Amino acid sequence: MSALAAAHRGSTRSEAWSDVRAGVTSIAPLVVAYVPFALVIGTVLAEHGGIVVGVVGTWMIFGGSAHLATVRSVEEGGVAAAVVTGLLVNARLIVYSAGLARTWRDQPRWFRVAAAPLVIDPTWALAEREAPEPLDPAARRRRFLAAGLALGVGFSSTVAAGMVVGGRIPTTHLGIAVPLCLLAMVGPSLRRGDDARAVGVAATIAWLTATWPSGTGLLAAIVGGAVAGRSWGRGG
Amino acid sequence: MNVWIAVGVVGLGSFAMRVLPLVTLGRAELTERTQAAIARAGLAAVAALIAVSTRSAAHGSTTVPALAAVGVASVLGARGASMMRLVASGGAVYAALWLVVRQW
């Protein structure tokens with residue numbers, strides 16, 4: 001009996017590690033893709049806040065664009081302006097979490113609270129992509145937490161490296177990896193008419209509003225994409 | 001000190017924006033249309049980030065290579081290609097075109 005129980009425990013542990021590996025493996029290309037961006041953030045933070053603000057802030061905000069916009073805005077417009085800017089850039093997280101609330105409706109509350117700080121573009125896309133897979137809730141939890149923590153460790157380490165080495169690493173051509181990796185996450189949705197229209201309209205608006213104040217263009221793109229997909233979908 | 005305060009408040013605000021929908025909407029009865037709108041808004045957010053990151057990667061001699069790489073990757077992505085294949089193909093297109101453009 002005890003041998004059976006031990007074998008079951010061994011099997012369960014093996015499955016758990018398999019889920020953790022799957023989570024880390026699935027996010028690894030994005031960790032690499034974000035290296036240039038993280039190095040740039042590290043370089044800027046070294047000038048504005050120091051290494052503690054850089055690394056601790058990376059985990060607190062868990063969004064490179066918002067972190068960068070916040071730190072830059074403090075000197076330009078003061079604390080209040082920096083807070084508004086940072087929150088505007090991260091406002092899309094409400095949409096991601098609202099979507100995941102349905103995907104995770106069978107998950108316990110502790111997981112939803114513990115996983116919340118790790119919700120960001122790549123982890124949202126990963127969770128949505130894996131949503132149709134027949135995984136049990138525990139496996140889903142392990143995969144998400146492993147992916148989110150791997151992303152956080154990789155990103156904050158690279159930010160720290162950027163603070164130390166500054167602009168001495170040539171990263172001009174590595175930036176293309178970010179859109180390529182994100183495309184892999186949302187690519188299959190391009191086959192569905194309504195979703196493809198939402199993606200196309202949002203991308204166009206974001207491209208045209210890239211020079212708007214931090215976060216506002218992104219919000220306009222989200223609203224435009226969601227409305228376009230919905231209204232055309234209803235008409236067609 | 002001001003940087004610390006700003007980072008702390010944005011961190012707390014970001015956590016609130018993440019956790020409140022997760023905790024409050026989990027068992028809420030949403031209509032199909034609302035669920036579809038939320039899903040599309042998420043897709044739109046990632047699409048916007050793709051556009052912004054493409055734009056920042058496309059400047060001067062990298063404009064044509066970056067746009068071509070994203071175009072090829074979009075086609076492969078729509079066909080369900082894996083991330084590694086998509087990045088390898090897009091990266092190869094980018095590198096090849098950059099070499100050509102640089103010769104001009």
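Every value quoted in this text rests on a predicted model; they were computed, and no experiment measured them. So you know, we letter chains A, B, ... as the sequences are listed, proteins then strands, and number each from 1.
Contacts of A:T211 with chain B are made by side-chain atoms alone, with heavy-atom separations under 4.5 Å and no backbone atom involved. For chain A, the nearby parts of B:S74 are the backbone and the side chain; heavy atoms of each come within less than 4.5 Å. Looking at A:V74, only its side chain comes within 4.5 Å of chain B, counting heavy atoms on both sides. Only the side chain of A:W104 comes within contact range of chain B, judged by heavy atoms closer than 4.5 Å. Only the side chain of A:V56 comes within contact range of chain B, with at least one heavy atom under 4.5 Å from a heavy atom of that chain.
Counting heavy-atom pairs closer than 4.5 Å to chain B, the top residue among A:A221, A:A98, A:G225, A:G86 is A:A98. Per-residue heavy-atom pair counts under 4.5 Å with chain A were compared for B:A78, B:A37, B:A44, B:G91, and the maximum is reached by B:A78. Comparing A:P117, A:P122, A:A198 by how many heavy-atom pairs each has under 4.5 Å with chain B, the most go to A:P117. By number of non-hydrogen pairs under 4.5 angstrom with chain A, the leading residue of B:V9, B:T24, B:V46, B:V75 is B:V46. Residue with the most contacts toward chain A among B:W98, B:Y94, B:F15: B:Y94 (heavy-atom pairs, distance under 4.5 Å). By number of non-hydrogen pairs under 4.5 angstrom with chain A, the leading residue of B:P21, B:P65, B:A48 is B:P21. Considering only heavy-atom pairs separated by less than 4.5 Å from chain A, the leading option among B:A57, B:A73, B:A41 is B:A41. Taking chain A as the reference chain and counting heavy-atom pairs below 4.5 Å, the highest number among B:I5, B:I38, B:V23, B:I50 is found for B:I50.
Inter-residue side-chain proximity for A:R112 and B:V19 is flagged as unmet; no heavy-atom pair is nearer than 4.5 Å. Here the side chains of A:L218 and B:L49 are in contact, with some heavy-atom distance below 4.5 Å. At a threshold of 4.5 Å between non-hydrogen side-chain atoms, the residues B:M17 and A:V119 do not count as touching.
To the nearest 0.5 Å, atom CZ of residue A:R105 and atom CG of residue B:L25 are 12.5 Å apart. One finds the CG atom of B:L20 at 9.0 Å from the CD1 atom of A:I94 (value rounded to the nearest 0.5 Å). In this structure, CG in A:L190 is found 11.5 Å from CG in B:L76, a value given to the nearest 0.5 Å. Separating the CD1 atom in A:I222 from the CG atom in B:L43 is a distance of 11.5 Å, to the nearest 0.5 Å. From A:L93, atom CG reaches atom CZ of B:R18 across 4.5 Å, with rounding to the nearest 0.5 Å.
Within a 6.0 Å sphere centred on CZ of A:R191, heavy atoms belonging to other residues, nucleotides or ligands number more than 12.
Across B:R40 and A:D195, no two heavy atoms sit closer than the pair NE-OD1, 3.2 Å. Considering every non-hydrogen atom in both B:V10 and A:A82, the closest pair reads CG2-O, 4.1 Å. Here the shortest heavy-atom pairing between B:L86 and A:A184 reads CD1-CA, 3.8 Å. Summarising the geometry of A:Y96 relative to B:A45, their closest heavy-atom pair is OH-CB, 3.3 Å, with the distance given to 0.1 Å. The shortest non-hydrogen separation linking A:L87 to B:S14 is CD2-N, 3.9 Å.
Checked against side chain to side chain donor-acceptor pair (under 3.5 Å), A:R92 has the following partners two or more places apart in sequence or in another chain: A:D121.
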